[in-house]
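Since the structure comes first, as structure tokens, the remarks are kept for the end.
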Amino acid sequence: MSTTTSPPVPGARAVPGPGAAARRRPSFSGPRLQRVLLLVLLTTAAALVALAFMLPTVWMLLGSLRPGSQVISSVSPLGWHTLVPETWTLENYAALFGQLGFGRSMANSLWVALWSVVIGLALSIPAAYVLSVLRFRGREAVFAVLVVGFMIPFEAIAIPLAQVFTEWNLNNTYLGLILPGIGNGLAIFNMRQFFLGVPISLREAALIDGASELRIMTRLYVPLSVTTIINSALLIFLAQWSSYLWPLLVISDQAKQVAPIAIARTFTDTEFNFGQMFGGALLISVVPALLLFLLQRYFTQSVARSGEK
């Protein structure tokens with residue numbers, strides 16, 4: 001008996017045989033399997049490291065939601081209730097924003113930090129421009145003094161400086177809190193190093209067109225250094241936001257105290273409340289975290305543009 005084979009129908013797709021699916025399956029043998037296993041191991045290790053870094057923050061968050069007397073007592077013996085409260089309460093936050101006036105203190109910190117950023121950048125940008133672009137005798141000496149200045153710990157000069165501010169009647173004033181933060185040498189250093197990388201030919205072309213130094217700085221250098229300026233602004237903001245010693249020295253009026261000092265009021269000579277302290281510390285950390293989250297796109301854009309160049 002003979003077998004006839006029908007010709008293929010035009011436009012019809014060939015049906016793959018049973019072995020075709022097996023041939024298309026990815027092979028997990030050899031080097032490919034090793035890469036997959038390495039990726040799984042690295043991902044697991046990264047997750048464990050992230051969890052280890054997050055655990056203290058989670059403990060503080062949950063500790064602020066339990067009675068203050070139970071925070072330390074729950075540590076020993078170690079168990080599930082060391083992390084998870086047996087009793088949940090919002091009394092710590094009620095006390096912070098009630099009798100301790102923590103809301104007003106956070107507003108004071110925000111007010112001082114924002115004005116320090118505005119005035120600090122208004123002084124730091126021209127200073128960085130002059131020290132990087134303009135050439136004059138003694139420029140390097142001025143820059144050396146600036147570098148040495150921000151290397152000196154502020155605590156070393158805080159007490160005599162506080163005495164000077166008292167003589168000038170700047171104690172118990174917002175101006176007294178703001179002034180030490182506006183002269184941030186690290187911010188000037190940061191912007192100067194970026195300005196040095198801007199091609200000098202751009203400035204020379206602008207000078208030929210008749211632009212003034214002020215116009216060149218504001219229309220050329222500042223737009224090119226948005227990320228660096230934001231970075232410097234964060235340096236000034238964080239220094240003022242977390243300042244503790246200076247407000248303690250110059251401010252005795254409770255209405256003008258800042259948030260770090262308000263946290264210290266959770267402790268007295270006879271008692272302490274770790275629940276309130278944990279809550280206040282978390283609230284203080286929320287503001288810088290939000291700023292970094294909102295401003296991270298500028299840093300991403302900077303990296304992308306650098307890659308394009």
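A quick note: this is a predicted structure, and the numbers were derived from the prediction, not measured.
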Check step by step if side-chain contact (heavy atoms from CB on, under 4.5 Å) holds for Arg66 and Phe274.
CA-CA 10 Å; Arg66 73 169 79 205; Phe274 280 102; over 6 Å; no

Using the rule given for side-chain contact (heavy atoms from CB on, under 4.5 Å), can you reason through Arg139 versus Leu134, listing the C-alpha separation, both sets of side-chain angles and the distance that settles it, and then say yes or no?
CA-CA 9 Å; Arg139 186 183 71 166; Leu134 302 184; 5.9 Å; no

Given side chain to side chain donor-acceptor pair (under 3.5 Å), test Ser64 with Asn92 step by step and report yes or no.
CA-CA 7 Å; Ser64 67; Asn92 296 321; 5.9 Å; no

side-chain contact (heavy atoms from CB on, under 4.5 Å) between Val130 and Phe136, intermediate numbers included
CA-CA 9 Å; Val130 169; Phe136 56 91; 3.6 Å; yes

Determine, stepwise, if the pair Met191 / Tyr221 fulfils side-chain contact (heavy atoms from CB on, under 4.5 Å).
CA-CA 10 Å; Met191 286 186 285; Tyr221 279 77; over 6 Å; no

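At a threshold of 4.5 Å between non-hydrogen side-chain atoms, the residues Thr89 and Leu65 do not count as touching. Looking only at side-chain heavy atoms (C-beta outward), Leu249 and Phe165 stay at 4.5 Å or farther from each other. Using a 4.5 Å cut-off on side-chain heavy atoms (C-beta onward), Ile229 and Phe194 make no contact. Using a 4.5 Å heavy-atom threshold, the side chains of Ile263 and Ile284 count as touching. Arg203 places none of its side-chain heavy atoms less than 4.5 Å from the side chain of Phe195. At least one side-chain heavy atom of Leu224 sits less than 4.5 Å from a side-chain heavy atom of Leu202. Between Leu170 and Val164 there is no side-chain heavy-atom pair separated by less than 4.5 Å. Counting heavy atoms from C-beta outward, Val40 and Thr44 have side chains that approach closer than 4.5 Å.
More than 12 heavy-atom neighbours from other residues, nucleotides or ligands sit within 6.0 angstrom of CD on Gln193. Heavy atoms of other residues, nucleotides or ligands lying less than 6.0 angstrom from CZ of Arg219 number 12 at most. Counted within 6.0 Å of CD1 on Ile200, heavy atoms from surrounding residues, nucleotides or ligands total more than 12; the atom is thus considered enclosed. Annotation for Glu213: atom CD counts as buried by contact number, over 12 foreign heavy atoms lying within 6.0 Å. Annotation for Phe53: atom CZ does not count as buried by contact number, only 12 or fewer foreign heavy atoms lying within 6.0 Å.
Between atom CG of residue Asp253 and atom OG1 of residue Thr173 there is a gap of 10.5 Å, rounded to the nearest 0.5 Å. In this structure, the separation between CG on Leu161 and CD on Glu155 is 12.0 Å, given to the nearest 0.5 Å. Asn108 contributes atom CG, which lies 8.5 Å from atom NZ of Lys256 (distance to the nearest 0.5 angstrom). Rounding to the nearest 0.5 Å gives a distance of 6.5 Å between CZ of Phe102 and CZ of Phe97. To the nearest 0.5 Å, the span separating CD1 on Ile188 from CZ on Phe143 amounts to 10.0 Å. Leu100 contributes atom CG, which lies 8.5 Å from atom OG of Ser105 (distance to the nearest 0.5 angstrom).
With 3.5 Å as the limit, one finds no donor-acceptor pair spanning the side chains of Thr166 and Asn171. Donor-acceptor pairing under 3.5 Å is recorded for the side chains of Ser116 and Gln240. Between Ser252 and Asn172, the side chains place a donor N or O and an acceptor N or O closer than 3.5 Å (distance only, hydrogens not considered).
In this structure, Val117 is a member of the same hydrophobic cluster as Val226, with clusters built from ILVMFWY side-chain heavy atoms closer than 4.5 Å. Criterion: ILVMFWY side-chain heavy atoms under 4.5 Å apart, direct or through other members. Under it, Ile182 and Leu235 are not part of a common hydrophobic cluster. By the criterion of side-chain heavy atoms lying less than 4.5 angstrom apart, applied directly or through intervening Ile, Leu, Val, Met, Phe, Trp or Tyr residues, Ile119 is not grouped with Tyr129; the two fall into different hydrophobic clusters. Taken together through direct or relayed side-chain contacts under 4.5 Å among Ile, Leu, Val, Met, Phe, Trp and Tyr, Val258 and Leu248 form part of one hydrophobic cluster. Hydrophobic clustering keeps Leu146 apart from Val148 (ILVMFWY residues linked when any side-chain heavy atoms are closer than 4.5 Å, directly or through intermediates).
At least one donor-acceptor pair under 3.5 Å links the side chain of Trp246 to the backbone N or O of Gly176. Not one N or O on the side chain of Ser225 forms a donor-acceptor pair closer than 3.5 Å with the backbone of Thr228. The main-chain N or O of Ala211 is never found under 3.5 Å from a side-chain atom of Asp209 such that the two would form a donor-acceptor pair. For Ser109 (side chain) and Ala259 (main-chain N/O), a donor-acceptor pair under 3.5 Å exists by modelled atom type.
In this structure, Phe189 and Phe150 have tilted ring planes: the angle between them lies in the 30° to 60° band.
Taking all atoms of both residues into account, the shortest heavy-atom contact from Val287 to Phe237 is CG1-CZ, 3.9 Å. Considering all non-hydrogen atoms of both residues, Leu131 and Arg192 come closest at O-NE, 3.1 Å. Between Gly279 and Leu96, the closest heavy-atom pair is C-CD1, 3.8 Å. Nearest approach of Ile261 to Pro247, heavy atoms of both residues: CG1-CB, 4.1 Å. Pairing each heavy atom of Arg104 with each of Ala255, the nearest pair is NE-O, 2.9 Å. Of all heavy-atom pairs spanning Ile236 and Leu121, the tightest one is CD1-N, 4.2 Å.
For Trp115 and Tyr174, the gap between ring centers reaches or exceeds 6.0 Å.
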